Amino acid sequence: MRSNNNAVKNLLPLAALLAIVVDGSADYVQKPISLCSSQEGMAASLEKNATMISEPHKYFPTQIKHIVDAANANSPDAIGLPDDQSYPVIDISPWLNPSMSSDKEKEDVVNQVLIEAITSGSFNIIGHGIDDALFDRLYTAARSFFSMSLKQKMGFSSGKSLAGYIANRNESVAAIHKSGSTQEQKDLRETFSMSYPPNNDGNVRGPHEFHNAMAEYIEQLQSVEKAIKQIFTAALSSARGIDIPTTYLKDVEEDATGLLRASRYPSTPGFEDATKLLPHSDFGTITILASSEEGLEEIRDGRWYKVPMRKGELHVSVGEVYTMWSNELFKNNIHRVSKEAKKDRISFPYFTSQGKRTSNPGISPICSDGEEPRFPRVSPKGHVMHYISAITGNYDDRIVN
């Protein structure tokens, strides 16, 4: 989709990035990093700031419902992009190959990401360096695994959603994001999860080919995740007009790791309610998605659109934690999975910071001078745990998304 370039022009400071480098060593003609509030001063900010959202786990479901209701009033059905528009596809290779790229090339990537981050919170990427041959092996191995009998697949279950197999209708986005239906059903998908690193003791080892393909893919995603988070950091630095080292948004997560899921959505027409995956935004920082078929739908410009998934492209979406850390500059992407798919859909969402999670207290929102914080200090783990506590009444180590 064609982006609104005027929106970002108002955000970029006159002294835009003069040099963007992956190691964060460039000198910026910008101000020092400015958190909206220090940890010690947060209580005072909460008391004096009437706009502070003290319970984000309650705010986001309400925000999402309002946006979804408005989009559904326009039309509940997703459409393809008009012929004169194209979905944003951004080549991130300048950030993966910094020694072979100019500062101008890296800056162009940052500006493209910033435009999408502040509008719909999503875009596709190329230039990620992952070979098509690996994707072919990944999808082949996943289809083979999911074609096994339920009894065989249950042999790879750990009983937890962070590791191994979970059968159809054992999770429910509706626990948080209600559709309003009186016949709400659990998600029509089955999954297999692996946390980074692949040899993590908490992981369940799947069948040989499946495990090896998942392990190789999650390893290669590490460089992609690092580059994307550096790009987002540089975008936030540019928009706020402050000096943020390009490793900052990755460094604040310390040793938190990502969670890779293989998900199968069966082709089952005839369900009147949206049962595959209700409209929601992801809880964490960013999500990187690979998919064998179209079926992902998202809200852009106030209505539902189909997300094109071409071979070799990955889809990146902003999660709620990045929305909070950017003080709502970055938009949490609202998406769902279509119930109209004519054949099975295999997807591989990679939820950064949702695998091994640390007890790091996180950070306060990053603001421009004079800007009030909209959210309290938060970490990816803390945000997820607030959701879980609201559903279960106590903390445990399961996640819903």
Side-chain angles (χ1 to χ4, degrees), residues 1 3 56 60-61 63-64 67-68 71 78 81 87-90 92 109 112-126 128 130 173 176-177 187 189 191 221 224-233 235-236 249-250 253 258-261 263 265 276-310 313-326 328-338 345 347-355 380 383-384 387 399-401:
M1 177 169 294
S3 302
F60 282 108
Q63 173 225 42
I64 290 166
I67 295 173
V68 169
L81 293 168
Y87 195 83
V89 179
I90 301 173
I92 67 166
V109 175
Q112 291 178 67
V113 168
L114 179 56
I115 291 170
E116 304 308 328
I118 67 176
T119 52
S120 65
S122 68
F123 50 90
N124 287 357
I125 61 170
I126 56 175
H128 45 69
I130 302 176
V173 168
I176 295 172
H177 299 283
D187 303 336
R189 60 172 174 172
T191 66
L221 280 171
V224 180
E225 175 188 351
K226 178 181 177 181
I228 291 175
K229 289 186 173 180
Q230 290 174 336
I231 295 167
F232 269 96
T233 305
L236 186 56
L249 289 182
K250 179 65 176 173
E253 300 178 48
L259 175 74
L260 176 63
R261 279 193 148 184
S263 300
Y265 297 88
K276 288 191 176 179
L277 204 60
L278 291 174
H280 68 287
S281 58
D282 294 334
F283 300 155
T285 52
I286 57 171
T287 302
I288 304 170
L289 175 77
S291 181
S292 64
E293 303 289 341
E294 294 189 2
L296 180 66
E297 300 172 348
E298 66 181 12
I299 295 177
R300 303 179 71 89
D301 298 331
R303 71 155 302 147
W304 286 106
Y305 283 96
K306 298 176 181 178
V307 177
M309 294 297 297
R310 306 175 190 87
E313 294 181 0
L314 295 174
H315 182 71
V316 176
S317 58
V318 174
E320 293 169 6
V321 169
Y322 263 22
T323 296
M324 290 185 284
W325 284 356
S326 68
E328 227 164 12
L329 174 67
F330 297 157
K331 305 304 179 187
N332 50 301
N333 176 254
I334 300 172
H335 52 275
R336 68 186 183 189
V337 174
S338 171
R345 174 177 178 262
S347 70
F348 290 89
Y350 175 65
F351 302 101
T352 66
S353 314
Q354 295 299 302
H383 186 52
V384 171
Y387 273 122
I399 63 169
V400 179
N401 69 336

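Just so it is clear, the values below take in all heavy atoms, side chains as well, and ignore hydrogens, waters and symmetry mates. Note that the structure is a prediction, hence the values are computed from the model and not measured.
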What one should report as the nearest heavy-atom pair of Lys331 and Glu328 is NZ-O, 3.2 Å
With a 4.5 Å limit on heavy-atom distance, are the side chains of Ser291 and Leu296 in contact?
no
Between Arg189 and Arg261, does a side chain to side chain contact (heavy atoms under 4.5 Å, CB included) hold up when you go through it step by step?
CA-CA 11 Å; Arg189 60 172 174 172; Arg261 279 193 148 184; 4.0 Å; yes
Strictly distance-based, threshold 3.5 Å: is any side-chain N or O of Asn124 a donor or acceptor partner for the main-chain N or O of Pro308?
yes
Going by distance alone, is a donor N or O of one side chain under 3.5 Å from an acceptor N or O of the other, for Ser122 and Tyr87?
yes
Find out whether Leu249 and Tyr322 are in side-chain contact, i.e. whether some heavy atom of one side chain is under 4.5 Å from a heavy atom of the other.
yes
Is a side-chain donor or acceptor of Ser347 paired with a backbone partner of Ala290 at a separation under 3.5 angstrom?
no
Below 4.5 Å, heavy atoms only, C-beta onward: do Arg310 and Val89 meet side chain to side chain?
yes
Derivation and outcome, side chain to side chain contact (heavy atoms under 4.5 Å, CB included), residues Ile231 and Ile90:
CA-CA 11 Å; Ile231 295 167; Ile90 301 173; over 6 Å; no
Polar contact flag, side-chain donor to acceptor under 3.5 angstrom, Ser281-Asn332:
yes
Shortest non-hydrogen pair, Pro88 vs Arg300, comes out as CG-NH2, 3.5 Å
Report the C-alpha separation of Ile288 and Val224 in whole Å, then their side-chain angles, then the decisive distance to 0.1 Å, and conclude whether the side chain to side chain contact (heavy atoms under 4.5 Å, CB included) test is met.
CA-CA 9 Å; Ile288 304 170; Val224 180; 4.2 Å; yes
Answer yes or no: is there a side-chain heavy-atom contact under 4.5 Å between Gln112 and Phe123?
no
Considering all heavy atoms of both residues, which atom of Ser263 and which atom of Thr191 are nearest to each other, and what is their separation?
OG-CG2, 3.5 Å
For Ile126 and Glu313, work out which heavy atoms get closest and say how close.
CG2-CG, 3.7 Å
His335 side chain near His280 side chain, heavy-atom distance below 4.5 Å
yes
Which atoms form the tightest heavy-atom contact between Thr323 and Ser326, and what is the distance?
O-OG, 3.1 Å
Going by heavy atoms in the side chains, are Pro56 and Phe283 under 4.5 Å from each other?
no
Ignoring hydrogens and geometry, is there a side-chain-to-backbone donor-acceptor pair from Asn333 to Val318 under 3.5 Å?
no
What are the two closest non-hydrogen atoms of Pro380 and Thr285, and how far apart are they?
CG-CG2, 4.1 Å
What orientation do Phe232 and Phe330 show, parallel under 30°, tilted 30 to 60°, or perpendicular over 60°?
perpendicular
Yes or no on side chain to side chain contact (heavy atoms under 4.5 Å, CB included) for Ile286 and Tyr350, after CA distance, side-chain angles and deciding distance?
CA-CA 9 Å; Ile286 57 171; Tyr350 175 65; over 6 Å; no
